[in-house]
Structures are given as C-alpha cells and as structure tokens.
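Just below is one structure, and these are the notes that go with it.
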Amino acid sequence: MGFSNIMDSNSYSGLSTDPQTAQLIEARTRLLGPAYRLFYERPVHLVRGSGSHMFDADGERYLDAYNNVVSVGHCHPRVVAAITRQAETLNTHTRYLHEGIVEYSRRLLATFPDEVDQVMYACTGSEANDLALRVAQMYTGAHGVIVTRDAYHGNTEAVTAISPSIGGATVIGPHVRAVPAPDSYRVGDDVTGRFLADVEAAIDDLKAAGHGLSCLIVDTFFSSDGIYPDPSVLAPAVRAVHAAGGVFIADEVQPGFGRTGESMWGFSRHGVVPDLVTMGKPMANGLPVAAVAARSAVLDAFAREVPYFNTFGGNPVSMAAAAAVLDVIEDEQLMANAARVGTALRDELTRIAGETPRIGDVRGAGLYVGIEMVANPDLKTPDRAGAHDLVNAMRDRKVLISVSGADGNVLKVRPPLVFSMSDVDWFCTEFAGAVAALP
C-alpha cells in the first residue's frame, strides 16, 4: 500500500500497546480492513466528550485541539436536545414539505453575500464537492480543474481525482492541474503574484490540452497544504479564473462556520465572492450534514436539467442539529471567542517558538493554527520526523493535535470553537514541555 500524506503522516504503525487496546485494534483491522487508519503511535480509545475535553476508557481526560467536526463542543446540550426533539417527532426526506429545511436555508444563506442565494444539501463534504464539480462543469461546458498541490477535497471518485494529498495508489485526473500553495513562509512578499502566475499558467495548460477551464477549487485556509492564512492571495487568482470563463469554488469544510474569528466564512477574508461554496464537517456538530451554496445563475442549468436527490441530505433531524449549531455560534458569541482565544494561543506559541530553532513559523487566524517544524531554520528545511515526534509526545501528555502539509511537518491545531483561556494555558504548558524534550 502506497504512502498517503493526509492519511499516514500521523497514523498508528503497529507499535506495541496494552493487551486490551491491542485486541480492539486487531478486531477493528480484521472487520474493517486495512483502508482505515488510526491516529498516533499509541491509539486513543475515547468513550466520552464534553466541550473541548474528551475522556478515554480509563477515565483519563484529554484536551481536544484537533476536532472541528464538533465545532461548538462535544455533546453540546442544545444540539443534543434539538436532535432528540426532532427524532422523537419526524425524520424523512426532502420530497415532502417541512418547515425545518426552509427556515435553516434562510438563516444559512443570510450569512453569505447576496449573490450566493440558493443551497442544495448532501451528507458529507465529499458529496458537496462532487456536486459542486458537476454544477461547474454544466455551467461552463468545460472539465478542467485547478487545485493546490497538496489539496484534499474528499473521497468520491470525482473528488479523489482532485485531491493530490490522498496519494497512495490514487492519482489526480488528466483534467486536473495542481499549483503550489501560497507558501508565505518561504515565498514572502511575492506570494500573491506567484500564486496568480501559477494559476494563469494552469489555465493556459488546461486550454491547450483541450480540457478548458471549469473551476478553481481551494480550501480557503489551504488546510491540507500546510495552513496558509494570507488573505491577499485569492482575489487576483479568482479574477483570472472568471476572465477565462471558469468559476470559483470555495471549499469551506474546514475554515467555515466562524473558525477564523474574523468572519463566518474563510473566503470573506480574501475579499472575494465565490460562485459555489461547499461546507460539511462542523455544520451539525457531528451529525452528517453538508451543502453547496451557489449563485442561482451558476446553479440554474444543473438544477433544471439534472434530477438531484439525496435521501438523507437536508432531513429534519439534520436540519434541527444544524440550526442548533447556528444558535450556539450566535448566542455564545463563538466567532468572537475564536478571535480572542486564538490570538492568545498564537501569541504564546510565538513566544515558545522564539526559544527554539525547531519551530520556523507560527501562523493562523482564529482557532486555526499551523506550527511549522524545521530542521534548519536558515534553510527552512521541513522536519517531518520532528513534527511526528511532537504530535505523539503531545498525545502522551493528553493533548490531541495532528499534522498537515506536503512534508507532514506543520502541526495542525484546530480545536472546537469553545476552546477557553484555561485550555490555552493547558495546551501551551504541555507544548513547551514537549518541545523542550525533543531529541
């Protein structure tokens, strides 16, 4: 089995563990097969969660600094209550009238620019991105897609073909061009011009190959590429895409729903209005819900010509959970919390970074932080081994993070939006100790 950067950079590799855990791992592998991966050299057996904390089978408490799926916190009581009420009442599909999907859609679309005025539902971010590609192809009449070099957009056949970070036996499609991510740490002030030039070259190449340009699709925080929050890079590239007849798809599965602390959606930081927006993971705090929001003019041809139906997409229970998430984000002012707590976290991490040459850069916005580990700070040499060791050291200290980036050397810190100042203290205390203990 080939190496998959996004799956294997922080995966269990068969190291010995206690007999009970080993038995569970063996049963999981036998029943689920080898495609599934586990995090960490010593996997964590979690049984309960509350807020930004989780608990394992032995009752040990962990700080969750990774999971944006439960963006308003594990087992938030308002979300649990909303799911319970609706599940006790009715759950069916979107071919029947129901107020829940209409009211939620009205609230969701109100968070977007006026141009983005319609929404379609699915169950996963992969499905949403698959649907967005189909819409873009029908609108433009072209098939060429531009992505970033270590992008991840999901695991259907169509989006696997535009997800270079999956690696292994998968390959990107012949209609896809992958451009370097806007690496502001290495490129510096010219990052915007460089990204624009790479996108323009990809447009020319797709047209020369006969594919034409359907779309540019990016995660607006460039999450799997290594977390690059520079808000200057997208607008010129999007203008070039529009000039060439393509559309811009903003993949907000990771940066959306207030995570950056500056706005509800990552694309807003870049001063652009997408043609299509995809979302998923944090939408209903763990219940499978995803969507594509669109400019109606872009969606019209697909919506009129293709009978689209998703059995579970937009069902009443999912809509109740999603509505409760919006309630919590608004009522608990979680976007403001992400900005305030995220700033404190980055400030303290920057201070720690100043005490060691092993950390080359601390970057992010809100409660999304990338910490770049380097072997040589002058050459900015990626340190995959150091990042791997640090992630597992943090796991042993009961703090959960992961990695991203083409070289697997960027620590990915992406906690629930309820992360608190005391959580920052806990995180940074353990992080400083783990860094100091690195070989």
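Here the structure is a predicted model, which is why all the values come from computation and not from measurement.
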Heavy atoms of other groups near Arg304 CZ, more than 12 under 6.0 Å: no
Exercise: do Asp423 and Ser420 side chains pair donor with acceptor under 3.5 Å: yes
Distance-only polar pair, side chains of Asp230 and Ser184, donor-acceptor under 3.5 Å: no
From Leu108 atom CG to Met279 atom CE, the distance as rounded to the nearest 0.5 Å: 5.0 Å
Check: Glu262 main-chain N/O paired with Arg269 side-chain donor or acceptor under 3.5 Å: no
Closest non-hydrogen atom pair, Val159 against Gly154: CG2-C, 3.3 Å
N-O pairing of Glu103 and Arg107 below 4.0 Å: no
Arg134 side-chain N/O to Phe302 backbone N/O, donor-acceptor pair under 3.5 Å: no
Side chain to side chain donor-acceptor pair (under 3.5 Å) assessment of Trp265 paired with Thr111: CA-CA 8 Å; Trp265 306 106; Thr111 69; 3.0 Å; yes
Under 3.5 Å side-chain donor-acceptor pair for Thr156 and Glu127: no
Glu157 atom CD, over 12 foreign heavy atoms within 6.0 Å: no
Cation over ring face, Arg414 and Tyr66, 6.0 Å, 45°: yes
Identified salt bridge (charged side-chain N to carboxylate O under 4.0 Å, His left out) partner of Glu372 from the options Arg186, Arg358, Lys380, Lys412: Arg186
For the student: nearest non-hydrogen atoms of Ser223 and Ser404, plus distance: O-OG, 3.2 Å
Donor-acceptor contact below 3.5 Å, side chain Thr148 vs main chain Val179: no
Pair Asn310, Tyr121: side-chain N/O donor-acceptor within cut-off below 3.5 Å: no
Check: Ser318 side chain, Gly314 main-chain N or O, donor-acceptor pair, under 3.5 Å: no
Other residues, nucleotides, ligands: >12 heavy atoms within 6.0 Å of Glu330 CD: yes
More than 12 heavy atoms of other groups within 6.0 Å of Phe55 CZ: yes
Side-chain donor or acceptor of Arg259 paired with backbone N/O of Pro415 under 3.5 Å: yes
Exceeds 12 heavy-atom contacts within 6.0 angstrom, atom CG of Leu97: no
Within 45° cone of Phe309 ring axis and under 6.0 Å: Arg95 NZ or CZ: yes
Beyond-backbone contact of Ile352 with Cys428, side-chain heavy atoms, under 4.5 angstrom: yes
Electrostatic pair Glu332-Arg78, nearest N-O below 4.0 angstrom: no
Side-chain heavy-atom pair Met373, Leu438 within 4.5 angstrom cut-off: yes
CD (Gln333) with more than 12 external heavy atoms under 6.0 Å: no
Gly342 backbone acceptor or donor facing Arg346 side chain under 3.5 Å: yes
Residues Ser126, Asn155; criterion side chain to side chain donor-acceptor pair (under 3.5 Å); working and verdict: CA-CA 6 Å; Ser126 296; Asn155 54 30; 3.3 Å; yes
Side-chain donor-acceptor pair present, His242, Asp275, cut-off under 3.5 Å: yes
Full working for ring-ring contact (aromatic ring centres under 6.0 Å, His included) between Phe248 and Phe267: CA-CA 11 Å; Phe248 169 50; Phe267 66 79; 7.8 Å; no
Heavy-atom neighbours of Asp114 CG exceed 12 at 6.0 Å: no
Side-chain donor-acceptor pair present, His76, Asn285, cut-off under 3.5 Å: no
Carboxylate-amine/guanidinium contact Glu41 Arg395, below 4.0 Å: no
